[in-house]
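The structure appears right after this line, and notes come after that.
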Protein chains: 6
Amino acid sequence: MPYVNIKVTREGGPDGTGPSADQKAQLIAEVTDLLHRVLGKAPATTFVVINAVGLEDWGVGGLPVQEYRKQVQ
Amino acid sequence: MPYVNIKVTREGGPDGTGPSADQKAQLIAEVTDLLHRVLGKAPATTFVVINAVGLEDWGVGGLPVQEYRKQVQ
Amino acid sequence: MPYVNIKVTREGGPDGTGPSADQKAQLIAEVTDLLHRVLGKAPATTFVVINAVGLEDWGVGGLPVQEYRKQVQ
Amino acid sequence: MPYVNIKVTREGGPDGTGPSADQKAQLIAEVTDLLHRVLGKAPATTFVVINAVGLEDWGVGGLPVQEYRKQVQ
Amino acid sequence: MPYVNIKVTREGGPDGTGPSADQKAQLIAEVTDLLHRVLGKAPATTFVVINAVGLEDWGVGGLPVQEYRKQVQ
Amino acid sequence: MPYVNIKVTREGGPDGTGPSADQKAQLIAEVTDLLHRVLGKAPATTFVVINAVGLEDWGVGGLPVQEYRKQVQ
């Protein structure tokens with residue numbers, strides 16, 4: 001009975017605008033398999049929800065992520 | 001002092017693109033009433049947040065939801 | 001394919017320490033029914049997760065909830 | 001190692017459609033500093049995620065937020 | 001810059017009270033690796049938070065999970 | 001109408017077991033003030049929920065947080 005929420009920044013992927021449908025399908029398949037292998041959780045009752053978050057909506061180090069990357073280079 | 005988050009797949013509703021404003025208003029009204037009736041929670045301090053999630057962003061059974069439905073038919 | 005998360009303050013209930021198992025079961029039953037009636041969502045794929053949050057961990061009006069209630073009386 | 005999620009209604013800001021990039025940057029900077037000052041948390045491992053939620057998706061007092069405001073005026 | 005939240009029912013594991021520390025470490029290692037392989041996300045900025053949820057706090061099919069299992073047997 | 005969720009590792013604070021009630025009250029006060037100053041949000045409808053997460057339930061860099069710190073020293 002797991003529920004998994006994966007949040008990533010909306011970037012990368014085939015056209016730079018975030019994960020593709022195929023990449024999301026791979027995340028769903030593998031994280032469901034992981035919970036089955038490690039904890040014996042049934043795939044039929046494993047939910048996975050993916051959110052792509054805009055770059056200006058994600059902060060780290062006290063800065064929006066793009067500003068942060070400029071600083072730590 | 002409740003906070004309720006309702007996540008549903010973005011489908012159905014009057015035009016197939018997810019719950020209508022009226023349907024969301026009904027969810028908000030009834031879930032707020034439920035918390036008042038069962039737990040005595042004050043409606044004025046009950047927040048309800050609804051998220052409609054894209055079909056490729058929701059997985060079950062190790063598959064994106066549309067693929068899963070094809071398999072279990 | 002809904003996922004509902006209900007957060008309430010840990011208080012009230014039969015012994016003052018939060019919702020009882022029966023109250024939680026009623027919340028689960030009724031919110032699942034609500035999503036079925038309003039949006040046609042299948043109960044078998046409706047998850048409900050309830051969290052009771054300590055009073056000092058919940059703030060409103062800039063104060064922990066118990067301080068807030070003293071102020072607004 | 002903090003993770004902060006800030007949800008606000010999608011309104012206000014410079015053009016009425018929600019917080020601007022500058023306002024979000026200020027939220028990120030100040031909440032990160034707050035966790036550093038109060039709890040000694042390292043900014044480099046403090047994540048902040050901001051979500052702007054549509055007005056019809058946010059309920060309070062058993063009503064969508066815009067209806068609620070009309071009632072309490 | 002991913003954030004992953006894994007919620008499971010508090011059961012199973014070596015003593016029946018939920019995942020062990022080793023099982024949690026394996027979940028953390030593999031889900032971090034998954035995001036690195038599929039999306040190129042840096043492990044150093046991948047957070048994973050695991051929550052074990054009490055059985056009476058998790059509902060499916062309109063019932064607390066233990067009641068649900070009795071019904072579907 | 002903001003909702004803020006602050007998750008921190010359960011450590012530090014006056015007795016090493018996580019933030020004290022006073023520290024939590026300060027977080028609540030200041031984050032509520034921040035949303036008022038930057039976005040004009042009303043404190044009376046600002047909720048703050050704080051979760052302290054066990055060290056073995058928080059991963060970074062593919063490791064539980066305590067293992068990660070040993071590695072990066």
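Source: prediction; values computed, not measured.
Contact annotation for A/Val60: only side-chain heavy atoms (C-beta onward) come within less than 4.5 Å of a heavy atom of chain E. In this structure, the portion of A/Val65 lying under 4.5 Å from any heavy atom of chain E is its side chain and not its backbone. Contacts of A/Arg10 with chain E are absent, with no heavy-atom separation under 4.5 Å from either backbone or side chain.
Nearest heavy atoms, A/Leu34 versus E/Val31: CD2-N, 3.9 Å. The shortest heavy-atom contact between E/Tyr3 and A/Trp58 is N-CH2, 3.7 Å.
Of all the listed residues (E/Leu35, E/Val53, E/Val8, E/Asn5), the one sharing the greatest number of non-hydrogen pairs under 4.5 Å with chain A is E/Asn5.
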Hey, mind stepping through E/Arg37 and A/Glu30 against side chain to side chain contact (heavy atoms under 4.5 Å, CB included) and telling me if it holds? CA-CA 11 Å; E/Arg37 278 188 292 110; A/Glu30 292 204 28; 2.7 Å; yes

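A distance of 6.0 Å separates CE in E/Met1 from OG1 in A/Thr9, rounded to the nearest 0.5 Å. To the nearest 0.5 Å, atoms CD1 (E/Ile6) and NZ (A/Lys41) are separated by 11.5 Å.
Side-chain contact between E/Gln23 and A/Leu39 is present, with at least one heavy-atom pair separated by less than 4.5 Å.
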